[in-house]
A.B. asks: 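A single structure is presented below for examination.
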Amino acid sequence: MPLQAEDHDPRTPYQLPFPKDALPEIVIPDAIPQDDREWVPQAPNVWFRPLCLNRSQGYWVNLLKVRKAGVLSRHRHPQPVHGFVLKGRWHYLEHDWTAEEGAYVFEAPGETHTLVVPEDCAEMITLFQVNGVMCYVDPWGAVLGYEDVFTKIEMCRRHYEAVGLGSDHVERVLR
Ligand SMILES: [Fe+2]
């Protein structure tokens, strides 16, 4: 049990200021957005909605949306990924399990996989935290390209500018 002085109500909020160098929180009420312009196109039938683009620690948290027939190209993760399926289902060509709505997935460093949505699923949405970098590879592991938090930020800036939200719309999710 934590120490609890008898005259302190447990509902008394913390009374001191936060550290002056601490960054502000991010609160996004409509994480699954009403405005479709919030979805940044990534590939045919694939979009992401950034929630936290953490340039100071080199990771990003986003919602990934993939419609039927969409494919998230084969890629390798040198660092871990956490996922939580909010809608629909999907699987990797490299694994025999399917991630269904409500599922949590941990992808260990060293994973290489290709994400596809089954024919009978119209759309999936999954929250992913991706650390460091993802390297797009050919079937034998030769690197074809990469994404990191900075390429994600640039994609957001270009998209938001093009759809009229303005390139600085991304800044609310930068830390
Ligand atoms: Fe992945």
Side-chain angles (χ1 to χ4, degrees), residues 26 28 30-33 36-160 162-163 169-175:
I26 299 172
I28 303 174
D30 61 335
I32 297 176
D36 269 348
R37 296 178 301 170
E38 299 284 357
W39 288 106
V40 181
Q42 159 126 3
N45 293 303
V46 181
W47 300 261
F48 71 95
R49 198 279 160 96
L51 300 175
C52 177
L53 299 172
N54 200 305
R55 60 187 167 172
S56 56
Q57 294 188 44
Y59 70 83
W60 65 99
V61 179
N62 66 186
L63 300 183
L64 185 73
K65 178 168 78 174
V66 184
R67 294 231 165 103
K68 187 163 50 178
V71 175
L72 184 62
S73 303
R74 181 187 325 99
H75 57 274
R76 177 171 177 136
H77 290 282
Q79 290 178 281
V81 176
H82 302 270
F84 186 81
V85 184
L86 299 172
K87 178 183 181 186
R89 62 187 184 282
W90 50 268
H91 71 279
Y92 290 128
L93 299 182
E94 294 80 3
H95 288 292
D96 60 5
W97 47 264
T98 297
E100 308 263 358
E101 185 173 312
Y104 164 77
V105 177
F106 169 67
E107 304 170 7
E111 271 276 318
T112 299
H113 52 217
T114 315
L115 187 154
V116 297
V117 172
E119 274 298 314
D120 60 350
C121 178
E123 177 180 287
M124 79 80 161
I125 297 176
T126 299
L127 184 147
F128 281 113
Q129 182 197 341
V130 184
N131 294 283
V133 64
M134 46 192 282
C135 301
Y136 293 100
V137 296
D138 77 7
W140 297 274
V143 176
L144 304 172
Y146 73 93
E147 286 195 74
D148 63 13
V149 68
F150 300 105
T151 65
K152 302 308 271 190
I153 292 169
E154 273 310 303
M155 288 171 76
C156 292
R157 285 192 188 282
R158 280 197 300 270
H159 170 71
Y160 292 148
V163 298
H169 187 67
V170 73
E171 285 166 20
R172 66 198 64 194
V173 296
L174 298 188
R175 287 296 183 274

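Since this is a predicted model, take the numbers as computed values, not measurements. Both counts, for ligands and for their atoms, begin at 1 and track the order of listing.
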A.B. asks: Taking ring pair (Phe, Tyr, Trp, His ring centres under 6.0 Å) as the cut-off, I'd like each qualifying pair that reaches into residues 36-68, sequence neighbours left out, listed once.
C.D. replies: none
A.B. asks: Between His159 and Arg37 (side chain of the first, backbone of the second, donor and acceptor by atom type, cut-off under 3.5 Å), is there such a pair?
C.D. replies: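 Answer holds: yes.
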A.B. asks: What residues form a side chain to side chain donor-acceptor pair (under 3.5 Å) with Gln129, not counting sequence neighbours?
C.D. replies: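 Partners of Gln129 under the side chain to side chain donor-acceptor pair (under 3.5 Å) test: Asn131.
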A.B. asks: Which atoms of the protein, restricted to N, O or S, are nearer than 2.8 Å to the Fe ion (ligand 1)?
C.D. replies: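 Counting only protein N, O or S atoms under 2.8 Å from the Fe ion (ligand 1), the list reads His75 NE2, His77 NE2, His113 NE2.
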A.B. asks: Quick test of your reading: applying salt bridge (Lys or Arg N to Asp or Glu O under 4.0 Å), list the pairs with at least one residue in residues 62-76, sequence neighbours left out, ordered by first then second residue.
C.D. replies: Arg67-Glu123
A.B. asks: Can you measure from CG (Leu72) to CG (Leu64) and round to the nearest 0.5 angstrom?
C.D. replies: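 The CG atom of Leu72 sits 5.5 Å away from the CG atom of Leu64.
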A.B. asks: For the residue pair Trp97 and Tyr92, categorise the inter-ring angle as parallel (less than 30°), tilted (30 to 60°) or perpendicular (more than 60°).
C.D. replies: perpendicular
